[in-house]
J.: 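One structure, as structure tokens, below. Some questions next.
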Number of protein chains: 2
Amino acid sequence: MTSVDKPARNNGRVRDAARTQAEILDVATEEFARAGYAGARVDEIAARTRTTKRMIYYYFGGKEQLFTAVLERAYAVIREAEQDLDVDGLDPVAAIRRLCEVTFDHHEQHPDFIRLVSIENIHEAEHIISSERLSRMGSPALDVIGRILAAGRSAGVFRGDVDAVDLHAMISSFCFFRVSNRYTFGALFGHDLVAPERREHHRAMLCDMVVAYLTAG
Amino acid sequence: MTSVDKPARNNGRVRDAARTQAEILDVATEEFARAGYAGARVDEIAARTRTTKRMIYYYFGGKEQLFTAVLERAYAVIREAEQDLDVDGLDPVAAIRRLCEVTFDHHEQHPDFIRLVSIENIHEAEHIISSERLSRMGSPALDVIGRILAAGRSAGVFRGDVDAVDLHAMISSFCFFRVSNRYTFGALFGHDLVAPERREHHRAMLCDMVVAYLTAG
DNA sequence: TGAGTAACGTACTAGTTCGTACATTAGGGA
DNA sequence: TCCCTAATGTACGAACTAGTACGTTACTCA
């Protein structure tokens, strides 16, 4: 009965606030993406972390704020990637192809992000709306599209009645749909939208379609 | 203490199994679309019905089966509408335009259906997969696309490397995205994708894009 | 007409789930 | 070195939620 078997002092790990928060966000991202907002379980998130549920409330305040934090980080990652987008020196057609390809690849590489966005739409974007950070977050991709469109227009190769935001929606929709709706689409049509052997074809299809549209006259 | 104040005999309504089931499905459709599968409350569905929770279990067995029944009915409605699609007598370009327009209109008119499909994708289509009825349900729209593509190809106006299912995905993606992602898109870009004043432009945009792609050589 | 059954209602329960009160410890600065 | 606070853990509770046991009533058909 001496104080021999002390609790194993936190598995050998030291205290690290930043690391704990990051780990919670990692697990929460997976769990929310997997089960939706209401379907996600705070206890489950805590269990898959090296810390306890108490810490979720300590750092984030609650389930709702945790979900907002997850969204904020997920969007920040995407925006950062968009900033690396470089189409300087390319002619308008090549530039728009490049943009389509990069958008296509990003969506394919971030299925969890796409699930989170789907979930946030079910909740009518309430977390984005009430997040200062997300409301302020611009979109580098939109600026790039605007510049490409302007260049193509003044070079006389693009039609003039296209809005940057609408074109962004058009491009995103196919990239997003392929990933977000692959399950129902696959179950109903027996056709896997993200099958590797169809990837190149879909990518080219998107580029061709956008270029054909912009250059049609 | 005589038997005067009897319960008001069911609000004047008579017993009607079909009507009760339909009413449950109506309310359940709204509630699942509003809150997602896990977020929907069986008690809430029952409360908004003229019957009780007991009847949900009596007729459907449980929450899961109720959701499946909701999905089955929602898809049946869409498939029925697709069967009214008539493009006979139109040349391939006009036919594909017509198909795009009808698809566009359908998506716009059935936002609840789109929400249900989004939700079902979060659950990786498990309900569709385990539903005999949904698995057997073909897609008239796909057949129509196949015929239009074949006609356009043999008339020499369409390119030959386009699959009907891929084209269906392409067309659906924009129609679906406009509705499914309007909230996050609106919150982030301050641009309402389903604003009435943009409707005609989006509709024409979709048609132009598909035709430009198919006729590009 | 009366009996059997489909349709329906009430009240309850077992289990879950978010959130918190309370206790403890590590580690940096005075 | 010692104290103060950020960081962490444990145990619990109140509210909710899917599902059910049991009882009742309206139709229908022999």
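Excluded from the calculations below are hydrogen atoms, water molecules and symmetry mates; all remaining heavy atoms, backbone and side chain alike, are included. Here is the naming used below: chain letters follow the sequence lines, and residue numbers restart at 1 for every chain.
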J.: When the distance from CE of A/Met55 to P of D/dA6 is rounded to whole Å, what number comes out?
T.: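 That distance rounds to 13 Å.
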J.: Mapping B/Arg54 and A/Ala17 to their closest nucleotides on DNA chain D, which lands nearer the 5' end?
T.: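 Final value for this comparison: A/Ala17.
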J.: For DNA chain D, find the residues of residues 57-71 of chain B with a heavy-atom distance under 4.0 Å and give them by number; none if there aren't any.
T.: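 Nucleic-acid contacts, sorted: B/Tyr57, B/Gly62, B/Lys63.
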J.: So do the side chains of B/Arg182 and B/Ile114 get within less than 4.5 Å of each other, counting heavy atoms only?
T.: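 Contact flag for B/Arg182/B/Ile114 side chains = no.
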J.: Just by distance, with hydrogens left out, do B/Ser131 and B/Glu72 show a side-chain donor and acceptor under 3.5 Å apart?
T.: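 Yes, a side-chain donor-acceptor pair sits under 3.5 Å.
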J.: With a 4.0 Å limit, can you tell me whether B/Thr51 has a side-chain N or O closer than that to the phosphate oxygens OP1/OP2 of C/dC8?
T.: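 Result: no.
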J.: With a 4.5 Å cut-off on side-chain heavy atoms, are B/Ile128 and B/Thr68 touching?
T.: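 Sidechains of B/Ile128 and B/Thr68: no contact.
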J.: Got a list of side-chain donor-acceptor pairs under 3.5 Å for residues 35-45 of chain A, not counting sequence neighbours?
T.:
from    : atom 1 : to      : atom 2 : distance (Å)
A/Tyr37 : OH     : A/Glu64 : N      : 3.3
A/Tyr37 : OH     : A/Glu64 : OE1    : 3.1
A/Arg41 : NH1    : A/Ala38 : O      : 3.0
A/Asp43 : OD1    : A/Lys53 : NZ     : 3.2

J.: Taking atom P of C/dA7 as reference, at what distance in whole Å does atom CD1 of B/Ile56 sit?
T.: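 Roughly 16 Å, once rounded to whole Å.
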J.: Distance only, no hydrogens: is a donor on one side chain within 3.5 Å (strictly under) of an acceptor on the other, for A/Asp112 and A/Thr29?
T.: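 Short answer, no.
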J.: Answer yes or no: is there a side-chain heavy-atom contact under 4.5 Å between A/Leu90 and A/Val87?
T.: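 Yes - at least one pair of side-chain heavy atoms lies under 4.5 Å apart.
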J.: Is the centre of the B/His123 ring less than 6.0 Å from the centre of the A/Tyr183 ring?
T.: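 No, they do not, as the ring centres are separated by 6.0 Å or more.
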J.: Would you say B/Thr20 places a side-chain N or O within less than 4.0 Å of OP1 or OP2 belonging to C/dC8?
T.: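 For C/dC8, OP1 or OP2 has a side-chain N or O of B/Thr20 closer than 4.0 Å.
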J.: Ignoring hydrogens and angles, are the base of D/dT25 and the side chain of B/Arg15 linked by a donor-acceptor pair under 3.5 Å?
T.: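 Under the 3.5 Å cut-off, the side chain and the base do form a donor-acceptor pair.
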J.: Does anything in residues 25-45 of chain A reach DNA chain D, meaning a heavy atom under 4.0 Å, and if so which residues?
T.: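 When residues 25-45 of chain A is checked for heavy atoms under 4.0 Å from DNA chain D, there are no hits whatsoever.
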J.: So, do A/Phe174 and A/His202 sit near enough that their side-chain heavy atoms are less than 4.5 Å apart?
T.: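 They are in side-chain contact.
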